[in-house]
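Working notes, beginning with the structure itself.
Residue numbers start from 1 in every chain, and the chains themselves are labelled A, B, ... in the order their sequence lines are given, proteins ahead of strands. Not measured: the values here are computed from a predicted model.
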Amino acid sequence: MRIATWNINGVKARIEALTAWLKEASPDVVCLQEIKSVDEGFPREPISALGYNIETHGQKGFNGVAILSKRPMEDVRRGLPGDEPDAQSRFIEALVPGENGMVRVCSAYMPNGNPIGTEKFALKIDWHARLEGWAARKLELEEPLVIAGDYNIIPEPIDTKYPENWSGDALYQPESREAFRRLCALGLTDAIRAVDDRPGVFTFWDYQAGAFQKNNGIRIDHLLLSPEASDLLIQVGIDKHVRAWEKPSDHVPVWVELAA
DNA sequence: ATGGTTGAAACTCAA
């Protein structure tokens, strides 16, 4: 089973790139972030025509997450436990059937947190604390679990071309990096890092100043695996070539293949 | 040092 995560930066602006990539990569499950659409505005037809079931958790204008799956999903839940009733739409989870049992998958769009020292940064830290609590409870189930999404965290210096440029940014603050380490310390595996620990492996390149052409990127889209999912890990990938397509997202798809 | 870009929505914000 291949499970991908992709911050598509607007599903309606990206529908051609999304369908082209679905045809090319044919993933079993796709976690989308920043759909920037209400549920009723989500372009379902061209996606369901490719054989995908669709579960969305959108909002007007920005944020919004979704899960696409070839097999029908079960136990779909929207929102991160502890969210206020009017919280931003940043989390959706579902159980996905595999060849040998269920995999729990969530699509998360973690707060950006800029500028530091503001309420936005406080929200980022609070959000991660609640995610950590959620993850700890799910890990007790001892099931294959994939926490996929745009974490908006650069975990280590090798995850950016110019670490010094990010010293004042919420994505690289010690508190942000600590939140990521604490998640991993629960027993979760950073799938890309586990397979490839070389510097210069990125998932996001800014639209500005020719960042992609210079490979001035960062690695902020992650798939964290429970021990039971990690035991099933076959391979990982980053579909970097998609960033060079017409009208690209600033993020590219990142995926794992599990023997599930 | 500044500005460089994009999407959604609406005469600006979030990234």
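Here the separation of B:dT6 from B:dA1, taken at their C1' atoms, is 23 Å to the nearest Å. As rounded to the nearest Å, B:dA10 and B:dG4 have P atoms that lie 25 Å from one another. For the P atoms, the distance linking B:dT2 with B:dA8 amounts to 30 Å, nearest Å.
A straight line from CD of A:Glu34 to P of B:dA8 spans 10 Å, rounded to a whole angstrom. Spacing between atom NZ of A:Lys12 and atom C1' of B:dG7 amounts to 10 Å, rounded to whole angstrom units. In this structure, OH of A:Tyr172 is placed 22 Å from P of B:dA15, rounded to the nearest angstrom. Atom NZ in A:Lys60 sits roughly 7 Å away from atom P in B:dA9 (whole-Å rounding). Across the protein-nucleic acid pair, A:Lys124 atom NZ and B:dA14 atom P stand 15 Å apart, rounded to whole Å. A:Phe204 places its CZ atom 7 Å from the C1' atom of B:dA15, with the value rounded to the nearest Å. Taking atom CG of residue A:Asn7 and atom C1' of nucleotide B:dG7, one finds them 12 Å apart after rounding to whole Å. Between A:Ile220 atom CD1 and B:dA15 atom P there is a gap of 12 Å when expressed in whole angstrom units.
Ion pairing of A:Asp83 with A:Arg90 is absent here, as no side-chain N (NZ or NE/NH1/NH2) approaches a carboxylate O to less than 4.0 Å. Salt-bridge formation is detected for the pair A:Arg78/A:Glu55: a Lys NZ or Arg NE/NH1/NH2 atom is positioned less than 4.0 Å from an Asp or Glu carboxylate oxygen.
Residue pairs meeting the salt bridge (Lys or Arg N to Asp or Glu O under 4.0 Å) criterion with at least one partner in residues 242-253 of chain A, sequence neighbours excluded, do not occur; the list is empty. Applying the ring pair (Phe, Tyr, Trp, His ring centres under 6.0 Å) test to pairs two or more places apart or on separate chains, those with a residue in residues 130-149 of chain A are A:Phe91-A:Trp134.
As judged by a 4.0 angstrom heavy-atom cut-off over every strand, A:Arg243 is placed among residues making no nucleic acid contact. A:Tyr109 comes within 4.0 angstrom of sugar-phosphate atoms only, judged by non-hydrogen atoms across all strands, and of no base.
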Check residues 41-49 of chain A and write down every donor-acceptor pair under 3.5 Å in which the side-chain atom is one partner and the other belongs to a residue at least two apart or another chain.
unit_1, atom_1, unit_2, atom_2, d
A:Arg44, NH2, A:Ile54, O, 3.2
A:Ser48, OG, A:Arg44, O, 3.1
A:Ser48, OG, A:Glu45, O, 3.2

Would you mind writing out the side-chain donor-acceptor pairs for residues 114-122 of chain A within the sub-3.5 Å range, not counting sequence neighbours?
unit_1, atom_1, unit_2, atom_2, d
A:Asn114, OD1, A:Ala170, N, 2.9
A:Asn114, ND2, A:Asn112, OD1, 3.0
A:Asn114, ND2, A:Asp169, OD1, 2.9
A:Asn114, ND2, A:Asp169, OD2, 3.3
A:Thr118, OG1, A:Pro115, O, 2.6
A:Thr118, OG1, A:Lys120, N, 3.2

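Along DNA chain B, the nucleotide nearest to A:Gln88 and the one nearest to A:Val11 differ in position, and the one closer to the 5' end is contacted by A:Val11. Two residues, A:His251 and A:Ser37, neighbour DNA chain B, and the one matched to the more 5' nucleotide by heavy-atom proximity is A:Ser37.
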Identify the pairs formed between an N or O of the protein and an N or O of nucleotides 2-6 of chain B at a distance under 3.5 Å, and give each distance.
unit_1, atom_1, unit_2, atom_2, d
B:dG4, N9, A:Gln208, OE1, 3.2
B:dG4, N7, A:Gln208, OE1, 3.1

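Residues passing the side chain to side chain donor-acceptor pair (under 3.5 Å) test with A:Lys161: none are found, sequence neighbours excluded.
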